[in-house]
Amino acid sequence: MRPNEDTYRHKGLRRKLVDTIRSKGITDEKVLEAIGNIPRHFFLDSAFDEKAYEDRAFPIGEGQTISQPYTVAYQTQLLEVKNFDKVLEIGTGSAYQATVLATVGAQVYTIERQKKLFDHNKVFAFLKKFHTIKFFYGDGFEGLPTYAPFDKVIITAAAPHVPEKLIQQLKPGGMMVIPLGAGEVQQMKRITKLENDVLKEEVFDNFSFVPMKEGKKG
Ligand code: SAH
């Protein structure tokens, strides 16, 4: 069962979570405000009601996880979202990251390769409030050529390599935030597509994501 009540207690726990991720180095006020406003416990089974506000990843079924709030904030901050930016997210999972992106002003296109997780989000009532998120069932390595180009791409699973098609689907001046690496630990990278398709790469901290896998899972 999913909870759907947001109490003062939950709000208090969220304020503490915001303090925690601020103390870990997140400075973007829009991102912190989004984390402070979105009831993360709605995205988890009621067994995690209070735990939802610990700065940790948790299981969401199908061997997948909801990312740690710090990681969600970190990637969102690196993406430097502007109002109405078209953002492609790979790995919808719980859809928590997607709601954070929408809250900071993005028009979100999010892809999930696992049918069960995709179907679950179709009946997740809280998401109906988010008119600027579009959900797709598919393989993130392919991106969404029909909706391209995008201002930003965010990958929320460990990418073994930089997906070429996603670079193609970026606008000139666009940015991709990607945890890159095939092993246990990945390096967070930000790749900017400069004019005449030159790529600028910046390297940030290490993280540990579930793997980005090829193809759909029915
Ligand atoms: N953004 C999510 C994090 C989910 S974990 C959240 O906020 O909860 C990563 C997700 O990426 C998993 O649900 C996994 O099934 C999905 N995934 C892995 N490889 C993928 C691919 N090639 N295309 C789309 N989704 C993928």
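Note that the structure is predicted; figures quoted are calculated from it, not measured. Atoms within each ligand, like the ligands themselves, are counted from 1 in listed order.
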Checklist outcome for this item: Between the CZ atom in Arg113 and the OH atom in Tyr137, the distance rounded to the nearest 0.5 Å is 8.5 Å
Item to check | Contact residues of ligand 1 (heavy atom under 4.0 Å), by chain and number | outcome: Gln64, Thr65, Ile66, Ser67, Glu89, Ile90, Gly91, Thr92, Gly93, Ser94, Tyr96, Gln97, Ile111, Glu112, Arg113, Gln114, Leu117, Gly138, Asp139, Gly140, Phe141, Thr156, Ala157, Val210, Pro211, Met212, Lys213
Checklist entry - Is the NZ or CZ atom of Lys11 both under 6.0 Å from the centre of the six-membered ring of Tyr8 and within 45° of that ring's axis? => result yes
Item to check | Within 6.0 angstrom of Lys30 NZ, more than 12 heavy atoms from elsewhere | outcome: yes
Item to check | Option among Arg190, Lys189, Lys193 that satisfies the salt bridge (charged side-chain N to carboxylate O under 4.0 Å, His left out) test with Glu201 | outcome: Lys189
Checklist entry - Is NZ or CZ of Arg40 both nearer than 6.0 Å to the six-membered ring centre of Tyr96 and within 45° of the ring axis? => result yes
Item to check | Donor-acceptor pair between Thr92 and Glu112 side chains, under 3.5 angstrom | outcome: no
